[in-house]
Structures are given as structure tokens and as C-alpha cells.
Peer 1: 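Below: one structure in C-alpha cells.
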Amino acid sequence: MAEGGVAAALGNVDDRDNWRVHFADTMRGGQYLNNWRMAELHAKEAPDRVRELEAWGAVFDRTPDGRILQRNFGGHKYPRLAHVGDRTGLEMIRTLQDYAVYQPIDVHMECTIVSLLKDENRIAGALGYDRERGRFKLFAAKSVVLATGGIGRAFSVTSNSWEYTGDGHALAYNAGAALQDMEFVQFHPTGMVWPPSVRGILVTEGVRGEGGILVNREGRRFMFDDIPENYRNQTADNEEEGWRYTQGDKNARRPPELLTRDHVARAIMKEVREGRGSPHGGVFLDISWIKSKLSNAEEHIKKKLPSMYHQFKQLADIDITSEPMEVGPTTHYVMGGVRVDGDTQMSTVPGLFAAGEVGAGLHGANRLGGNSLSDLLVFGKRAGQYAAEFAGRQSSPRVDSRRADEVARAALEPFDREDGENPYKVEHDLQAMMQDLVGIVRKEAEMRRALDALKILRERVQKVSVTGNREYNPGWHTALDLQSLLTVSEIVARAALERKESRGGHFRDDFPAKDPAYGKFNIVIRRGPGGDMQVTREPIPEMRPDLKQIIEENK
Amino acid sequence: MDAGQSGREKTAGSAPAKTFASNIVASGQRAAARTDTSAGSATRTASFEVWRGSGPSGRLETYTTSVSEGMVVLDAIHQIQSESATDLAVRWNCKAGKCGSCSAEINGTPRLMCMTRLSELNLSEPVTVEPMRAFPLVRDLVTDVSSNFRAKTRIRKFTPRPPDAPDGTWRMQQSDADRVQEFRKCIECFLCQDVCHVLRDHQLHEQFVGPRLLVHAAQLEMHPLDALDRTTDLKDSHGIGYCNITKCCTKVCPEHITITDNAIIPLKERVADQYYDPLRKLVRLMRGKKTVRPENERTTSGGLR
């Protein structure tokens, strides 16, 4: 769960910070494939959204003068993440929930949408089922906002929960909306690797923000060995400077552990592949070493990283205040998603909006830590606002009830089949295949094999059967989720095949270098009229001169 | 990769690196030792008696599955689900003790399935896994906990004092934040509600909001920015008097919130001070007024369905 914090240039800890620096950091981190308008709006509006949360009751950690404290994170030039220990996401959920229960909002808990409905070209509503009773629910709507998160469950090692099946991506795709940047999947460098049952669970980047270091089995801080050119000016070249940075020295540059996630994840993979990894196939992340620097290190770690302390103690028998953690890359986030208008968040289907991880554009080829919580606040608000405005201008759409009946009938088919395959088995095979063939290191031949494998998996999905009845039946839910997983897996594989270079979260073993020609367009995928997947290259619009200048000034 | 050599020269041989090296080599050996016990040879089978069904037809069913080191109860439940009971209903989400979804009664004790390691349990006997008994059963291990969300709307909402600074922001000290941050750690797993005898045995949901919601009230009452006084509500409509401080809630809290000592007792003291202190009672009678209550406040509209 989101732990580290929400990125907003409040300038409370370092007054040199402002939206311009945040904008430039976000664009550099995304390797300039970002929708620059979204990056601009995000950097400008994130501070207001954080202050709004405080006005709704969120209690962020404080600076000595009583303002919202901010911490260091990868790719952010200044301490920028407003946080609550290492449970910032929980604080945001609770604040929003506690605010929303007093608003006149109808909440349909545990209701899964299986299809969007359209009236000609525009959105007309959605059909879903409630998990508790398995009854179908038909919603007529002038506008729909997708806020379904990501696709982590398409891979076997992931920090994501079962809900991240790419359902929103698939709903939008099936409704005819364009998706973009789907080749960019973020593998977070630090997931747990031991014991096996917790493999993939997130270890927050906040550990490194607080001074945690990455070392291989020889005890070497390997992150110093490879610092990318475009970050060299901002990165410490010795351990002492890196430590001073984490302790707030404004004249120090950040340690290489706080380089962007794509880079750190690949550096860890390199150590493991070259035989310098930890016993369970990761590397060591050590925060306990700060005892040599701070007299109250043990209490400090427990105060700043309570969830991590608790998580390792309880799940792995490791006391992180006295010994290092074993960590390795885990599927964490998809930069790609529904292609939207930067200001309104409306997709290419009138009335369909997307916010947060299911939307695309803000993060380009790689997302900076902390930019997802600010993304969902800034663009969640915008999507809601413009969806409401859009709905206000529209006449009531016609809901095609025959189409709704068809969707509902198809959704019930797994109950009619007998002796079909177990949906969990098919899901497991799909995850293992994607992890193996379209994972952190990719090559053409493997991705072609993945597309073949997906064809076979699609046939298997058409034959899965489930037992029991419709009431809270996870086997049935998994059978339906498989449809979304198949769709997004194929989209990721096709987009990744198309990008014959390495950039951000997308690494091609057969094209290991960045190719400037590929920096000029986004890869866009749509459903063709015949149901085929169409892959196109859409040029990135020329950046406004004032924004270009900000990037130059921050180089 | 071209930076490799220069980086190497700069860091190699520095004193801290040596300390790390010996530390890491030692922990590498400890980690490897853990591998030995978690290897295939350590895999064994265990039995689980899992509650199945809804309504009067509910019963415990026995499942056997293989278990290995590091597994938690939720892993075993998932394994049973994928091997032999595909429709086994279980609510879960983060698998890291942070979402509060997988609450159940394991060998009779309310716990999170994702944070209960099999190595803590006696596997020579079947492990029983049952739904939380204080809430209406949906099916198998899933219960209807929506009453907790409805109860929350009975507690008057967060109402901040005017901002402290001209830019619309507030100032608060970390020491003041600390007190409510303990309560705001709550993951709403509702294990405290499940174990509370006022709710579980006496079913007084209408009269008593329960420990989770008293923790919620405490974070509002002690919130550095909140300007309301909910003492009257706590006494009259939230039923704080029903709690007789058996501390069962504190014992089951997976976030180790000291529910009774830090949240409920201070609230009880406020009620006692305001209502049972003779001097204050006299002042109140003379003033003829209770507490501040903004007129524009809504407490009951909307809510969860």
C-alpha cells in the first residue's frame, strides 16, 4: 500500500522548492514522454490538494515550526513528500472516507463493473454485479469516471492487491477509448523477497529517503557504480555527502539509492544476475547502519518507518533496526493507461473520464515516487469536476438494455460449463508467463512467444468453469477478472514490441540504448472496428516555450 | 555502465563500507540459514477447519493442504481456495496488515489472517478459521461490517478552528500530532468491535458505538485543530458508559493502539468531569447551556449503502 508520501512543492523544508522544480523533476523522471500539460497542472495544484486534506482532518508529520513536514524521495530534487510515517496512503484513505460519509453520496460497496454501455459514441452507463449477492446492477450515467488503479496482477511478483486486474483499462479499451504508454510498467526496486509467501510486498522508498543503503552480498554499495549522465550533477559521489543529504544538508546532493526507480531496479537485477545478490535472489537494504550516525537510531527508525518495522518483524522475523532487509524488484505501477485530455481527464470516448493510475500522461516513461498520490488528488478532483460539468450539459443517454442483458448472460457462462478448468490455475499460468516473458527485461522473441501464449490462454479462459452459486463467489470473480487480465497483458506486450529502445520502465535487452527518435511519440493502442488491436505512434505536441525554459533552467 | 570504474574508486576501501561488509556477510549467513529450514524438505501438511456457508446451514469443513515456512493463515486459505474450494468466500486486499479486510477468528481468537503466521500455531491439531461472530454473516469468512460505517455518521464530523496563518494553513507541534496519530493508525479491521462483549454478547449496537468508533471520537476530540466538544454525545448517544474497561479490544488490536488507556479512559474522564463534577454541574445549570454546535452541520445525510 502507498506508504512514502504525497509529492507537493510546499517548500516547507527547503524554500528553494516550487512548482517549476517539481515540473522539471517529473518530466526528467518520465524521460520527456509525459503529457507536459498534466505535469504542469500536477505540479501547480498538488500543494492545494495537500492543504485541502489537512483541512479535512489529515494529520501529517510536522516540521519544528509546526508546518507539514516533507521527506526526500527518488528523483525529487528537494524534500517534497508530505507524509505520515510510512502509512501516508492509509491516512489519505481514512481522511477521504471520513469526509465522504457526511456528503450526500451513494456508495455501492463491493460492486464490480463488467462492461461500460454506450449510446452511439458517448457513454451511457455501466453494468456491474454486487459481490455480496451476485446480482447485476445497471447504472445509467451521462458521465463515468474510471478510478480502478493498475494491472499488477498480470504478473506473479507484485506489490498490488487482487483488485489490480486492469479492469478499468480493459473497460475503456472495449468501449473504444485509446490507451497509451502501456509498455511502461514500473518495477519498484524494493519488494520483500523472503519468505516466499510475502514475495513482492512493498518496502517503501522512504527507507532510502531516511538514509537506507543498498549493498550486495560483498557489502558493496553498488549504486555508486553506475550513475546515469542526466542525473550526475544531482547525485552525491561519496557516501558522506549522500548521508548529509538525507539529514537535510541543503548543500549536499542525493545518494544514488534515490535515483529513479527504473534505474535502481535494473541495478539490483544486475547484481543478482552477476551472482552478487542476497541468498534469496535480492540484495540487502540496510537502515540499521545509521546507528553509527545517530545515537537514537532505533527509536528514530521505529518512528519514521513503523509499518516497515512491524512488517519485517511479523512476517520475516527480521528486526530492521539491527539487521538489513532482503529486497528485490516487484511489479508496482503502470505508467500507461487511458489517453486523456490533460485539463479535463476525458478520454477519447465522450463522457468517459479516467483519474489516477488508470489514466496516462503525467508520468511518461517512469513515475517518481510520491507522484501517484498527488496524481490521484489533482486529477481525481479535475476528473470529478469536469465529469459533473459534462453531465450537466448532456441530455439523458439511451441505455441499451438488450446489450446489458447480453453482457450479463455472458458473465454467467462459467456457471453453465461443467468440468472446465479452474480459474485460479489459468490466472496463475498467465501471471507466470507475463513475469517470465514481458517482465523487467524484454526481448522481441520472448514477447512474440508471450502473444502466442496469450492466444492459448484466451482459449483456456473461454472454458473455465466455477462451482457454487453467485453469492460472494471468488472463483466466479476470478473467471471474470481473467478477461481483463488477458486484454491488458496483450496490450502491454504489443506496446512493448513496438518500442524498440530502452527508456524508463521499459528495458529491451535487444535494444539496450535510448533512441532519440522514440522520444517524439507515444505508443497508442485502440480496438479496431473488427475487434483487432491497433497500434499507432502519436506525436507528442510541441511543448510551450515557457515550460521548455523551466526545463532548461533546471538541467 | 561507463561510470562504474570511477564510482568504484571513490567508494572502495572507505571505512563505513568495511563495517557494512562484515555486517552484510554475517546477515547473509543468517539469511542463508533461514533458507535451509524453508527448503522443500520442511514442507508438510496441515488441517484447517474452515467455516462454510451462510445462515443455519453453516458448518465447519476440514481441508488439508501443504504448508511451508513463512506462510500465514491467509496463504493457506488461498491455497485451499485454488485447490479444492474455488467458491470459498474470503475478503482480503493488501496482505500486509494495512487494509483491515481479512479479519477472522483463528482458533477462536480475532486476528488478521494475513499477519498470523502458521509457525505461531499448533499444527498438530486442525486450525479453525471462522468469520467474525459479532457481525451478520454474508458467507463463509465474509461478514457484513457496514454497521460500523453507518455508526460513524452518528459522530459529529471533524470541524477545524479557523486557519492559523494568512495562507489558510495551520500550525501544530509534532508532540500534539503524535497523540492522534496513534488513533489514526486504525486500519478498521473491526477486530475490537468483534471482541467487545457489549456488542458481541449483548448486541447493543444501537446504544453503544463500540471501541473502534470511540477511538475515532478520541482522535476527533484530541485533534489539535478540531473545535467541537463531543462530550455530551459520548455520554448520551454513543453510550461510552457501557464500556467497563475489560481491555479485550486493546489485546486484539493488530496496530497495537492502546484503545482503552489512551482513547476510552480519557474520554470517560471528560464525561465525568463535565457531568459528575458537582462544581461544573452548578456552573452549567447557571449558564443554561451545554456545548457548541454549529448550525450548518449535517450529520445524517448520505452514507453508505
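Quantities reported herein were computed from a predicted structural model and do not represent experimental measurements. First the proteins, then the strands, lettered A, B, ... as listed; each starts at 1.
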Peer 1: Using only heavy-atom distances, determine whether the side chains of Asn422(A) and Glu83(B) contain a donor-acceptor pair under 3.5 Å.
Peer 2: no
Peer 1: Report yes if some heavy atom in the side chain of Phe158(B) is under 4.5 Å from a heavy atom in the side chain of Asp98(A); otherwise report no.
Peer 2: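 No, side chains not in contact.
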Peer 1: Heavy-atom distances under 4.5 Å only: say whether Leu74(B) touches chain A with side chain, backbone, both or neither.
Peer 2: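 The answer is neither part of Leu74(B).
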Peer 1: I want to check something: taking the side chain as every heavy atom from C-beta on, are Met109(A) and Phe149(B) in contact at a cut-off of under 4.5 Å?
Peer 2: yes
Peer 1: Can you tell me how far the OG1 atom of Thr478(A) sits from the CG atom of Asp87(B), to the nearest 0.5 Å?
Peer 2: 11.5 Å
Peer 1: Counting heavy-atom pairs under 4.5 Å to chain B, which of Pro474(A), Ala58(A), Ala55(A), Ala267(A) comes out on top?
Peer 2: Pro474(A)
Peer 1: Please determine, by modelled atom types, if Ser175(B) and Arg62(A) share a side-chain donor-acceptor pair under 3.5 angstrom.
Peer 2: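 Side-chain D/A pair, Ser175(B) to Arg62(A): absent.
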Peer 1: Got a second to check how far Asn473(A)'s CG is from Leu88(B)'s CG, nearest 0.5 Å?
Peer 2: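 Atom-to-atom, Asn473(A):CG and Leu88(B):CG are 10.0 Å apart.
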Peer 1: Between CH2 of Trp162(A) and SG of Cys94(B), what distance do you get to the nearest 0.5 Å?
Peer 2: 13.0 Å
Peer 1: Heavy-atom pairs under 4.5 Å with chain B: which of Glu163(A), Gln314(A), Met223(A) has the most?
Peer 2: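 The answer is Gln314(A).
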Peer 1: Are Asp167(B) and Arg51(A) close enough for a salt bridge, meaning some N to O gap below 4.0 Å?
Peer 2: no
Peer 1: With a 4.0 Å cut-off, would you call Lys303(A) and Asp178(B) a salt bridge?
Peer 2: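 Yes, Lys303(A) and Asp178(B) are salt-bridged.
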Peer 1: Over 60° means perpendicular and under 30° means parallel, so tell me whether His256(B) and His310(A) are parallel, tilted or perpendicular.
Peer 2: perpendicular
Peer 1: So, taking the atom named SG in Cys114(B) and the one named CG in Leu315(A), what distance separates them when rounded to the nearest 0.5 Å?
Peer 2: 7.0 Å
Peer 1: Taking Lys95(B), Met71(B), Gln81(B) one by one, which has the highest count of heavy-atom pairs under 4.5 Å against chain A?
Peer 2: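 Max contact count across the listed options: Gln81(B).
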Peer 1: Select one option (side chain, backbone, both, neither) describing which atoms of Pro64(A) are under 4.5 Å from chain B's heavy atoms.
Peer 2: backbone
Peer 1: My understanding is that only residues two or more places apart in sequence, or in another chain, count here; which of them pass ring-ring contact (aromatic ring centres under 6.0 Å, His included) with Phe222(A)?
Peer 2: none
Peer 1: With a 4.5 Å heavy-atom cut-off, do Val101(A) and Lys157(B) have their side chains touching?
Peer 2: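 Heavy-atom side-chain distance check fails, nothing below 4.5 Å.
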Peer 1: Could you walk me through whether Arg184(B) and Glu91(A) satisfy the side-chain contact (heavy atoms from CB on, under 4.5 Å) test, starting with their C-alpha distance in whole Å, then the side-chain angles of each, then the deciding distance to 0.1 Å, before giving a yes or no?
Peer 2: CA-CA 7 Å; Arg184(B) 294 182 66 87; Glu91(A) 182 74 12; 2.5 Å; yes
Peer 1: Provide the closest heavy-atom pair for Gln181(B) versus Val59(A) in the form atom of the first, atom of the second, distance.
Peer 2: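 Result for this residue pair: NE2-O, 3.0 Å.
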Peer 1: Hey, which of Gly475(A), Ser161(A), Pro306(A) has the most heavy atom pairs under 4.5 Å with chain B?
Peer 2: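 Among the listed options, the one with the most contacts to chain B is Ser161(A).
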Peer 1: Please report the interatomic distance CG(Leu69(A)) to CD(Gln174(B)), rounded to the nearest 0.5 Å.
Peer 2: 7.5 Å
Peer 1: Measure Asp140(B) against the heavy atoms of chain A and call it side chain, backbone, both or neither at under 4.5 Å.
Peer 2: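 Neither part.
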Peer 1: Output the option from Pro423(A), Ser197(A), Gly468(A), Ser278(A) having the highest count of non-hydrogen pairs under 4.5 Å with chain B.
Peer 2: Ser197(A)
Peer 1: Mind checking ring-ring contact (aromatic ring centres under 6.0 Å, His included) for Phe60(A) and listing every partner two or more places apart, or none if nothing turns up?
Peer 2: none
Peer 1: More than 12 foreign heavy atoms under 6.0 Å from CZ of Arg171(B): is that the case here?
Peer 2: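 More than 12 within 6.0 Å, yes.
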Peer 1: Rounded to the nearest 0.5 Å, what separation is found between the SG atom of Cys186(B) and the CG atom of Leu90(A)?
Peer 2: 8.0 Å
Peer 1: Only pairs of heavy atoms separated by less than 4.5 Å count here; which of Asp176(B), Val90(B), Val72(B), Ile187(B) has the most with chain A?
Peer 2: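 Top count of heavy-atom pairs under 4.5 Å with chain A: Ile187(B).
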Peer 1: Write down the atom of Glu471(A), the atom of Arg139(B), and the distance for their closest heavy-atom approach.
Peer 2: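 Of all heavy-atom pairs spanning Glu471(A) and Arg139(B), the closest is O-NE, 2.7 Å.
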Peer 1: Donor-acceptor check, side chain of Tyr424(A) to backbone of Thr86(B), threshold 3.5 angstrom: yes or no?
Peer 2: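 Yes.
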Peer 1: Sort out for me which of Arg94(A), Gln311(A), Glu54(A) touches chain B most, counting heavy-atom pairs under 4.5 Å.
Peer 2: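 Highest number of pairs under 4.5 Å: Arg94(A).
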Peer 1: If you look at every heavy atom in Tyr102(A) and Thr153(B), which pair is closest and at what distance?
Peer 2: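 Minimum heavy-atom contact is CE2-O, 3.8 Å.
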Peer 1: At a heavy-atom distance under 4.5 Å, which candidate from Arg131(A), Arg67(A), His428(A), Glu427(A) has the highest pair count against chain B?
Peer 2: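 So the answer, after comparing Arg131(A), Arg67(A), His428(A), Glu427(A), is Arg67(A).
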Peer 1: Indicate whether any N or O donor in one side chain lies under 3.5 Å from an N or O acceptor in the other, for Glu188(B) and Gln97(A).
Peer 2: yes
Peer 1: Side chain, backbone, both or neither: which part of Asn160(A) has a non-hydrogen atom closer than 4.5 Å to chain B?
Peer 2: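 No part of it gets close to chain B.
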Peer 1: If you look at every heavy atom in Gln173(B) and Asp65(A), which pair is closest and at what distance?
Peer 2: NE2-C, 4.2 Å
Peer 1: Flag the one option from Lys185(B), Glu120(B), Gln219(B), Glu255(B) with the top tally of heavy-atom pairs under 4.5 Å to chain A.
Peer 2: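 That would be Lys185(B).
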Peer 1: Could you report the tightest heavy-atom contact between His223(B) and Gly57(A), atom names first, then the distance?
Peer 2: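 Looks like NE2-O, 3.1 Å.
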Peer 1: Which atoms of His216(B) come close to chain A, meaning under 4.5 Å heavy atom to heavy atom: side chain ones, backbone ones, both, or neither?
Peer 2: side chain
